[in-house]
Amino acid sequence: MGEDYPVDQLDFEERFATEQACLDYLAKLRWPEGFVCPRCLHASAWMVNRQRRMCTKCLYPVSVTAGTIFHDTRKPLRLWFRAVWHVTSQKHGASALGLQRVLGLGSYVTAWSWLHKLRRAMVRPGREALSGCVEVDETYVGGLAEGKRGRGSQKKALVVIAAEEDGAGIGRIRMARIPDASAPVLEGFVVQAVVAGSQVHTDGWDGYNGLSGRGYRHDISVLRGQGKEAATQLLPRVHRVAALLKRWLLGTHQGAVRAEHLDYYLDEFTFRFNRRTSRLRGKLFYRLLQQAVQIGPTTYQTMVGGKPLTAPNSNQ
Ligand SMILES: [Zn+2]
């Protein structure tokens, strides 16, 4: 359908005034080339009701929202669409309280869980890895709120950041919370985040020594001065990103981010940063919904437990 999205508030309200309109929009995002049966790949279906289709070949029933973040929702899709519209319009990110107010939700917990589902959708499955010249460095993110479990929960976390060089500026970024700065962890991150053959620019830390053996052109800048200032000059892009991330966590979220939820916030920051030049609100709305119909449902339980860290796979 090309990139078809609302251009402003009025357009949004007119387009998505009914459940049917929302379902039709999701169906187009999910099957841009027309229906394809997830079981037998046959390309035609009967409409059973406004939400369900049935494959005309294998009779498999398919719901538009099955397997997406809207799976089994008891709330109208119109409300979900308003949530997405709200979230994508907040320049610095939405808060659960703000979302609860805008949607008139009775429960803060519902608003919170919606926000986290949308954050999960901000990471597109199979998104493209960075390429060209990429700076990589780790940084501590502090000021995190104490977790529910109290004792033993960290107040700071180690985050690795990759930032593409785009002239003197920054291209796309990727980031992840990591347990330590060991070679398997750092190499695992780079392998996932950066296309092989790219030039990876790091400091002289041993943990990056294996990169050239993994198909990267490894460019090392040895820090001569005192730690932090020197790093800021030698790897200016990752340090600019780190500073923006920290300011965002403190400013927008007022230091209320719990360590176990940090992954979600890193995803949101990355989504916003990588689309910082697409000023059109409608385009962000389109992207977020497009990604929302591509991923599996996230239950409140798994969100409360935090997202498991993707194990750096030393084989790939
Ligand atoms: Zn089928």
Side-chain angles (χ1 to χ4, degrees), residues 1-6 11-12 14-85 87-88 110 113-129 192 195 263-264 267 270-271 274-275 282-305 307-308 310-311 313 315-316:
M1 67 180 184
E3 299 200 344
D4 177 31
Y5 44 78
D11 189 22
F12 169 82
E14 285 174 354
R15 274 172 185 245
F16 304 115
T18 66
E19 287 297 286
Q20 188 62 57
C22 298
L23 281 166
D24 291 347
Y25 193 75
L26 290 184
K28 278 192 220 156
L29 286 172
R30 192 163 176 187
W31 299 297
E33 321 287 340
F35 175 85
V36 176
C37 173
R39 189 202 255 168
C40 77
L41 304 180
H42 186 63
S44 75
W46 291 300
M47 297 295 296
V48 177
N49 57 34
R50 65 184 190 178
Q51 182 151 12
R52 294 194 165 274
R53 287 162 170 74
M54 185 183 274
C55 172
T56 57
K57 193 174 176 195
C58 75
L59 308 185
Y60 188 63
V62 184
S63 148
V64 177
T65 54
T68 75
I69 67 166
F70 310 113
H71 189 56
D72 284 342
T73 184
R74 273 165 291 177
K75 294 273 200 278
L77 282 171
R78 276 168 300 158
L79 207 56
W80 272 104
F81 273 50
R82 276 189 220 168
V84 174
W85 185 249
V87 164
T88 50
T110 304
S113 82
W114 282 27
L115 209 48
H116 278 70
K117 285 182 183 183
L118 293 175
R119 287 200 179 100
R120 292 300 307 126
M122 288 177 185
V123 181
R124 183 171 41 180
R127 62 191 170 163
E128 284 169 20
Q192 284 189 359
V195 173
D263 298 316
Y264 299 114
D267 291 344
T270 302
F271 178 85
N274 287 346
R275 288 159 189 80
K283 192 161 184 163
L284 284 177
F285 171 84
Y286 173 86
R287 283 272 169 264
L288 185 46
L289 270 183
Q290 186 184 43
Q291 294 175 201
V293 296
Q294 288 175 357
I295 65 161
T298 310
T299 65
Y300 180 74
Q301 285 310 315
T302 61
M303 285 186 292
V304 169
K307 182 174 75 171
T310 312
N313 184 344
N315 297 320
Q316 60 159 25

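Atoms within each ligand, like the ligands themselves, are counted from 1 in listed order.
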- Item | side-chain contact (heavy atoms from CB on, under 4.5 Å) between Asp267 and Arg120, intermediate numbers included | CA-CA 7 Å; Asp267 291 344; Arg120 292 300 307 126; 2.8 Å; yes
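- Around the Zn ion (ligand 1), protein atoms of type N, O or S found under 2.8 Å number 4.
- A distance of 14.5 Å separates OH of Tyr5 from CG of Leu288, quoted to the nearest 0.5 Å.
- Take Asp11 and apply the salt bridge (Lys or Arg N to Asp or Glu O under 4.0 Å) test, not counting sequence neighbours, and it matches Arg15.
- Legend: residues meeting side chain to side chain donor-acceptor pair (under 3.5 Å) with Thr73, ordered by chain and number and at least two apart, are Trp80.
- Ring planes of Trp85 and Phe12: parallel class, angle under 30° (limits at 30 and 60°).
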Please table the atom pairs, donor to acceptor, closer than 3.5 Å between any side-chain atom in residues 45-53 and protein atoms at least two apart or in another chain.
{"residue": "Asn49", "atom": "OD1", "partner": "Gln51", "partner atom": "N", "Å": "2.9"}
{"residue": "Asn49", "atom": "OD1", "partner": "Arg52", "partner atom": "N", "Å": "2.8"}
{"residue": "Gln51", "atom": "NE2", "partner": "Thr65", "partner atom": "OG1", "Å": "2.8"}

